[in-house]
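Hydrogens, waters and symmetry mates play no part in the numbers below; they use all other heavy atoms, side chains included. Chain letters run A, B, ... following the sequence lines, proteins first and then strands; every chain starts at 1. Keep in mind the model is a prediction, meaning the values are calculated, not measured.
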Protein chains: 2
Amino acid sequence: MISEAYPVLAPQRREQIRKVVKQGGIARVEDLRKNLKVSVATIRRDLEILEEEGKVRRVHGGAVSMESRLEESVFDDKTSLASKEKIRIAEEAYSMIGTEESIFLDGGSTTLFLARMLTGRNDLTVVTNSLRAASELAEKGPRVILTGGELRRLSQTMVGPLSSAVLNQVRVDKAFMGTMGFCLMNGLTTTDPNEAFVKSLVAEHARQVILLADSSKAEKVSFARFSEWKQIDLLISDDGLTEVLAKSLRKLGLVVRLC
Amino acid sequence: MISEAYPVLAPQRREQIRKVVKQGGIARVEDLRKNLKVSVATIRRDLEILEEEGKVRRVHGGAVSMESRLEESVFDDKTSLASKEKIRIAEEAYSMIGTEESIFLDGGSTTLFLARMLTGRNDLTVVTNSLRAASELAEKGPRVILTGGELRRLSQTMVGPLSSAVLNQVRVDKAFMGTMGFCLMNGLTTTDPNEAFVKSLVAEHARQVILLADSSKAEKVSFARFSEWKQIDLLISDDGLTEVLAKSLRKLGLVVRLC
DNA sequence: TGCTTTTCATTCAAAAACGATCAAAATCAA
DNA sequence: TTGATTTTGATCGTTTTTGAATGAAAAGCA
């Protein structure tokens with residue numbers, strides 16, 4: 001083995017520094033010095049270079065990362081409340097995807113988990129209006145087609161009339177949709193009308209529409225309605241969903257899967 | 001091992017060096033000397049040759065592989081190589097943006113720096129086909145409109161015919177374009193035809209087309225041509241650009257700014 | 001506010017790495 | 001074999017990188 005304390009090449013070291021800073025969002029000069037076993041002067045010089053390259057911004061005592069942290073906000077989601085259910089729902093959804101299919105991925109955290117599971121599949125074509133889903137698949141995985149449109153910051157999705165231009169030109173086998181709320185009376189609703197517009201359009205261009213919604217969304221009604229129940233073919237939810245509601249939905253012709 | 005007694009032929013040795021560098025992404029001259037049992041002078045000469053062949057890039061103390069994993073290294077090299085010039089160019093470009101303007105941001109590292117500078121501007125509308133530029137502006141900043149289209153992983157941009165759907169519905173005041181290469185004879189060229197398609201379309205939908213290209217791009221010719229000089233209104237480059245070329249471009253009617 | 005501690009930028013000298021050059025060694029062609 | 005050509009290793013002056021030292025600036029604290 002050559003694992004002895006090897007001197008490290010400067011570019012290599014700077015790459016390490018960059019990663020450490022990006023990881024924690026911030027890093028102290030003193031900590032970097034200890035980890036990399038070089039003098040503070042060298043660390044400072046490296047940070048100076050990394051700052052010129054736009055990768056970090058120096059602050060008194062260390063440096064903060066300037067690199068986009070979209071991916072990490074995903075990690076934040078992972079620790080959120082209903083994440084276990086969401087992951088199970090995403091796994092169930094994944095099992096329904098056949099080979100060489102084209103699918104649509106909606107915005108929302110559940111579909112984001114699904115997106116992450118697709119990184120190994122390069123037989124698929126994924127259409128999405130979610131910037132986060134696209135980022136998950138940015139490195140490798142399926143063919144990715146983005147809908148385009150105006151960026152809605154709150155959900156990190158592309159919405160509005162402009163999105164229809166691309167959507168009108170594609171058809172997908174399965175559309176995996178999220179929702180802010182669903183109930184028997186009012187159907188599916190979300191907060192933003194522009195977002196609803198896209199969802200509604202997607203439902204029209206999919207052979208099969210699959211709703212991914214954990215039970216916390218049940219009986220919730222939001223502002224903009226984007227779909228009636230008859231447009232939905234399948235609902236995947238968790239066993240927190242009441243039997244009454246599940247039975248009613250099945251009566252409407254839906255397939256309901258609880259996991 | 002028996003190989004140590006045998007002197008190794010030079011091309012064979014260089015192939016070994018290439019592999020070692022590729023393997024670790026980076027290698028030190030001293031390590032290579034020990035492993036191959038030749039003098040540092042020889043290693044240096046070999047690295048020089050490998051650099052000319054484009055296989056490695058030399059750095060103080062060793063060399064880094066240029067043929068390593070697709071995405072990351074390519075983009076990192078791009079962002080670090082001539083970053084000072086690129087930041088200056090981006091700053092110059094920023095100074096040209098008026099209030100409440102709509103602009104297009106192309107893919108590429110220089111425009112990425114420009115995107116970063118726009119995070120404080122919420123009076124603007126930014127149209128872009130670059131996923132990275134959009135990510136920079138994902139949290140706050142201007143109104144962002146993404147073109148949509150198929151994701152090209154190497155450049156992290158949305159390209160191809162689908163992009164035209166959105167682009168045809170918008171007009172921008174200024175389009176900030178990057179390029180892989182530019183020269184007097186062949187105009188502006190880039191590697192991917194689908195990417196060229198988008199660039200070309202953008203140029204048609206902009207009141208003013210501004211090319212951001214550091215001097216390392218000069219006299220380079222890539223595969224797919226996307227624009228002739230008469231479509232470009234302004235070139236922002238660095239003072240590495242030869243006076244001869246600048247003069248010739250000015251004769252063509254371009255405004256050339258070197259910084 | 002004034003004082004202490006930490007962090008920073010600058011300077012300097014030592015060490016490492018570099019490029020250029022040249023002579024020795026190896027290879028090749030006859 | 002001999003002579004020409006290429007490759008290699010050693011040397012030397014130059015450049016780059018590094019770590020330590022110093023005073024200035026910033027942050028913490030009473």
Side-chain angles (χ1 to χ4, degrees), chain A residues 2 4-66, chain B residues 2-22 24-66 76-77 79-85 87 216 240:
Chain A
I2 17 167
E4 50 185 297
Y6 248 48
V8 177
L9 247 52
Q12 206 173 356
R13 188 187 54 227
R14 282 194 283 273
E15 180 62 14
Q16 280 185 37
I17 294 178
R18 187 188 68 77
K19 281 187 183 166
V20 169
V21 175
K22 185 180 177 186
Q23 183 70 21
I26 188 166
R28 297 164 43 83
V29 171
E30 184 56 23
D31 297 339
L32 291 168
R33 185 195 63 77
K34 267 187 209 159
N35 287 333
L36 301 170
K37 301 184 203 305
V38 290
S39 68
V40 285
T42 303
I43 296 288
R44 273 188 237 288
R45 272 185 281 253
D46 285 339
L47 290 177
E48 207 168 344
I49 290 168
L50 288 169
E51 180 163 48
E52 276 177 7
E53 291 174 355
K55 307 216 173 125
V56 307
R57 198 181 75 234
R58 298 187 64 190
V59 294
H60 199 89
V64 298
S65 179
M66 288 291 283
Chain B
I2 15 162
S3 60
E4 57 183 273
Y6 285 154
V8 180
L9 257 50
Q12 205 176 345
R13 186 189 55 226
R14 280 195 284 274
E15 181 61 15
Q16 277 187 38
I17 294 178
R18 187 188 67 78
K19 279 185 184 167
V20 169
V21 176
K22 185 179 178 184
I26 193 165
R28 300 175 358 114
V29 170
E30 184 56 23
D31 297 340
L32 292 168
R33 185 194 63 77
K34 267 187 211 161
N35 289 334
L36 301 170
K37 301 188 200 306
V38 289
S39 70
V40 286
T42 303
I43 297 289
R44 273 190 241 288
R45 271 186 285 254
D46 286 339
L47 290 178
E48 208 166 345
I49 291 168
L50 288 169
E51 180 163 48
E52 276 174 11
E53 291 174 356
K55 309 265 176 68
V56 307
R57 197 183 82 225
R58 299 187 64 191
V59 295
H60 199 90
V64 298
S65 178
M66 289 291 282
D76 282 354
D77 284 346
T79 47
S80 62
L81 212 61
S83 62
K84 274 186 200 171
E85 284 79 7
I87 289 175
S216 73

Using atom [atom1] of [X] as one end and atom [atom2] of [N] as the other, report the distance to the nearest whole Å.
X	N	atom1	atom2	value
B/Q12	D/dT8	CD	C1'	17 Å
A/E48	C/dA9	CD	P	7 Å
B/L32	D/dT8	CG	C1'	17 Å
A/R28	D/dA27	CZ	P	14 Å
A/R44	C/dC8	CZ	P	4 Å
A/R58	C/dT6	CZ	C1'	15 Å

>> I need a per-nucleotide contact map over nucleotides 17-22 of chain D, read 5' to 3'. Cutoff is protein heavy atoms under 4.0 Å; write B for the base, S for backbone only, - otherwise.
In response: SBB---
Show me the donor-acceptor pairs, under 3.5 Å and distance only, between side chains in residues 25-33 of chain A and residues at least two apart or in other chains.
| residue | atom | partner | partner atom | Å |
| --- | --- | --- | --- | --- |
| A/E30 | OE1 | A/R33 | NE | 3.4 |
| A/E30 | OE2 | A/R33 | NE | 3.2 |
| A/E30 | OE2 | A/R33 | NH2 | 2.7 |

>> Do B/E15 and B/K19 have side chains that approach each other closer than 4.5 Å (heavy atoms only, starting at C-beta)?
In response: yes
> DNA chain C: B/E30 or A/V29, which has the more 5' nearest nucleotide?
Replying inline: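 Closer to the 5' end of DNA chain C: A/V29.
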>> List the residues meeting side chain to side chain contact (heavy atoms under 4.5 Å, CB included) with A/R57, not counting sequence neighbours, and say none if there are none.
In response: A/E51, A/V59, A/V64, A/M66
> Checking all strands, does A/R33 fall into the base, sugar-phosphate, or nothing category for heavy-atom contacts under 4.0 angstrom?
Replying inline: nothing
>> Going by salt bridge (Lys or Arg N to Asp or Glu O under 4.0 Å), name the residues that satisfy it together with A/R44, two or more places apart in sequence or in a different chain.
In response: none
> B/E48: what forms a salt bridge (Lys or Arg N to Asp or Glu O under 4.0 Å) with it, not counting sequence neighbours?
Replying inline: none
> Sequence neighbours excluded, which residues qualify as side-chain hydrogen bond (donor to acceptor under 3.5 Å, both in side chains) partners of A/Q16?
Replying inline: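 Expected list: none.
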